[in-house]
Amino acid sequence: RAPMIALRAGPLFSGSLIQRRPDKLTTVFRSWGRDRGWKWQSSYTESAVVVANDNKYGNKQIISVTPHLYHYILSNVREPQVLRELREETAHMRGSQMQVSPDQAQLLTMLAQILGAKRCIEVGTYTGYSSLAVALVLPESGCLVACERDEKSLEIAKRYYERAGVAHKVIIKQGLAVDTLKSLIMKGEVCSYDFAFIDADKRSYPEYFELLMQLVRVGGVIVIDNVLWHGKVVDPLVNDAKTVSIRDFNRKIMEDERVSISMVPIGDGMTICQVR
């Protein structure tokens, strides 16, 4: 089906849509419209860009990820076959939305590689997609501590660790992540980890973060998922416990001088923290 081309003009043409093949008509419409001071957009890009309404940002254009654009992003992800198979199996499970997206996993693996990470921790493993992605790029001597309390999810993760040949790199800790992190601290593993990823109980984010601040070395990275929480963080009418806790956590991280931060609008939002 040919996409729609929207012509933005005066009252006569405002909002009207003409269905044509863009490869034949785009150039004509662009030239014709420019002469008359009109703006035109393909329906594929019509809602892909928003403009900051605060003049202090200089009318900056910001990408808003539409379904078509997101499909394009995913088509540019290098997803190993074993990860694709795990993602597809998990997609049929209850709670499959908890799995990180392929573009998020690619970012996590790149961060681990840039760091030269050897020792990693994941808080909230689910069926293992993100931990498997990171384990695949760790050196043979590397290790990743995977914290997950759900036994059924871990059985799937274990199966894929074995299939991918990285089971020897993954140390599975079934149970409450807080208990596992405290245990690692008690064993003297303070400041011995390079990279950590938090994607578990949202109300426990502050506690996870403080424990990981003890475990991750200076220069190491802690990544937190779901910091935009489906957009609820900016909705004043939404004040459930999880949303409020994420808002509070985001504010505390913003004010925390112990870390350098970058909130990235990928997936459901990730904040990347580097320990100072």
Side-chain angles (χ1 to χ4, degrees), residues 70 73-177 180-181 184 189 192-201 208 212 215-216 220-227 264 266-272:
Y70 188 54
I73 291 169
L74 293 181
S75 72
N76 282 276
V77 172
R78 297 173 180 174
E79 183 183 40
Q81 177 73 13
V82 67
L83 281 176
R84 183 183 66 79
E85 292 172 2
L86 172 55
R87 172 173 55 81
E88 292 177 351
E89 179 174 338
T90 303
H92 299 290
M93 295 177 54
R94 181 179 180 182
S96 61
Q97 73 279 2
M98 294 189 291
Q99 179 174 250
V100 301
S101 57
D103 49 325
Q104 287 180 292
Q106 185 167 258
L107 176 60
L108 293 173
T109 59
M110 177 169 282
L111 288 171
Q113 287 177 302
I114 291 171
L115 275 172
K118 295 180 180 179
R119 290 169 58 79
C120 306
I121 304 176
E122 181 174 74
V123 177
T125 295
Y126 190 41
T127 59
Y129 188 87
S130 50
S131 56
L132 176 55
V134 172
L136 284 169
V137 300
L138 290 179
E140 282 300 304
S141 59
C143 72
L144 184 149
V145 178
C147 306
E148 175 60 50
R149 63 182 180 180
D150 183 68
E151 184 178 2
K152 182 178 179 181
S153 297
L154 279 177
E155 287 303 316
I156 296 172
K158 290 176 185 177
R159 177 157 42 89
Y160 278 89
Y161 296 150
E162 291 285 351
R163 184 184 299 184
V166 298
H168 62 289
K169 301 180 187 179
V170 183
I171 302 169
I172 295 172
K173 297 289 186 179
Q174 184 180 353
L176 296 176
T180 296
L181 299 179
L184 295 176
E189 298 188 26
S192 68
Y193 288 88
D194 306 299
F195 181 78
F197 178 48
I198 304 174
D199 186 16
D201 176 39
Y208 297 147
L212 287 170
L215 289 163
V216 175
V221 167
I222 302 171
V223 181
I224 305 101
D225 197 17
N226 303 115
V227 295
V264 184
I266 184 173
D268 193 25
M270 286 177 156
T271 294
I272 303 168

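- A donor-acceptor contact shorter than 3.5 Å links the side chain of Glu122 to the backbone of Ser131.
- Looking at heavy atoms from C-beta onward, Lys152 lies out of side-chain contact with Arg94 at the 4.5 angstrom threshold.
- Proximity of Leu144 to Phe195: side-chain heavy atoms (C-beta onward) are nowhere separated by under 4.5 Å.
- Put simply, the side chain of Cys120 reaches to within 4.5 Å of the side chain of Leu138, judged on heavy atoms.
- Considering only heavy atoms from C-beta on, Leu184 comes within 4.5 Å of Ile121 through its side chain.
- Counting heavy atoms of neighbouring residues, nucleotides and ligands inside a 6.0 Å radius, atom CD of Glu151 does not exceed 12 of them.
- Between the OG atom in Ser96 and the CZ atom in Arg87 there is a gap of 11.5 Å [rounded to 0.5 Å].
- In this structure, the separation between CG on Asp103 and CD on Glu79 is 10.0 Å, given to the nearest 0.5 Å.
- At a threshold of 4.0 Å, the pair Glu155-Lys158 counts as salt-bridged, since one of the basic side-chain nitrogens sits closer than that to a carboxylate oxygen.
- Contact detail for Gly124 and Glu148: the closest heavy-atom pair is C-OE1, 3.8 Å.
- A donor-acceptor contact shorter than 3.5 Å links the side chain of Gln106 to the backbone of Arg78.
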Gln104/Ser101 under side-chain hydrogen bond (donor to acceptor under 3.5 Å, both in side chains): CA gap, chis, key distance, verdict:
CA-CA 5 Å; Gln104 287 180 292; Ser101 57; 3.1 Å; yes
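- Nearest heavy atom pair, residue Leu83 against residue Tyr129, reads O-CE1, 3.2 Å.
- At most 12 non-hydrogen atoms from other residues, nucleotides or ligands lie less than 6.0 angstrom from NZ of Lys173.
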Applying salt bridge (charged side-chain N to carboxylate O under 4.0 Å, His left out), run through Arg84 and Glu88 and close with a yes or a no.
CA-CA 6 Å; Arg84 183 183 66 79; Glu88 292 177 351; 2.8 Å; yes
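- In this structure the side chain of Tyr126 never reaches within 4.5 angstrom of the side chain of Asp150, judged on heavy atoms.
- Val216 has its side chain out of reach of Val221: every pair of non-hydrogen atoms, C-beta onward, lies at least 4.5 Å apart.
- Nearest heavy-atom pair across Tyr160 and Glu85 is OH-O, 3.5 Å.
- Counting all heavy atoms, side chain and backbone alike, Tyr208 lies closest to Ile198 at CD1-CG2, 3.8 Å.
- Here the CG-OG1 distance, from Leu132 to Thr125, works out to 11.0 Å after rounding to the nearest 0.5 Å.
- Taking all atoms of both residues into account, the shortest heavy-atom contact from Lys169 to Pro139 is CE-O, 3.6 Å.
- Although no hydrogens or angles enter the test, the distance criterion places no donor-acceptor pair under 3.5 Å between the side chain of Asp194 and the main chain of Gly220.
- At least one side-chain heavy atom of Leu108 sits under 4.5 Å from a side-chain heavy atom of Met270.
- Heavy-atom contacts from other residues, nucleotides or ligands closer than 6.0 Å to CZ of Arg149 number 12 or fewer.
- Across all their heavy atoms, Ala135 and Val170 have their closest contact at CB-CG2, 4.1 Å.
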Go through Leu136 and Thr109 one step at a time and tell me if the side chain to side chain contact (heavy atoms under 4.5 Å, CB included) criterion holds.
CA-CA 8 Å; Leu136 284 169; Thr109 59; over 6 Å; no
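- Here NE2 of His168 is found 10.5 Å from CD of Glu162. Values are rounded to the nearest 0.5 Å.
- Rounded to the nearest 0.5 Å, atoms CD1 (Ile272) and CD1 (Ile224) are 9.5 Å apart.
- You'll find the side chain of Ile156 reaches within 4.5 Å of the side chain of Met93, heavy atoms only.
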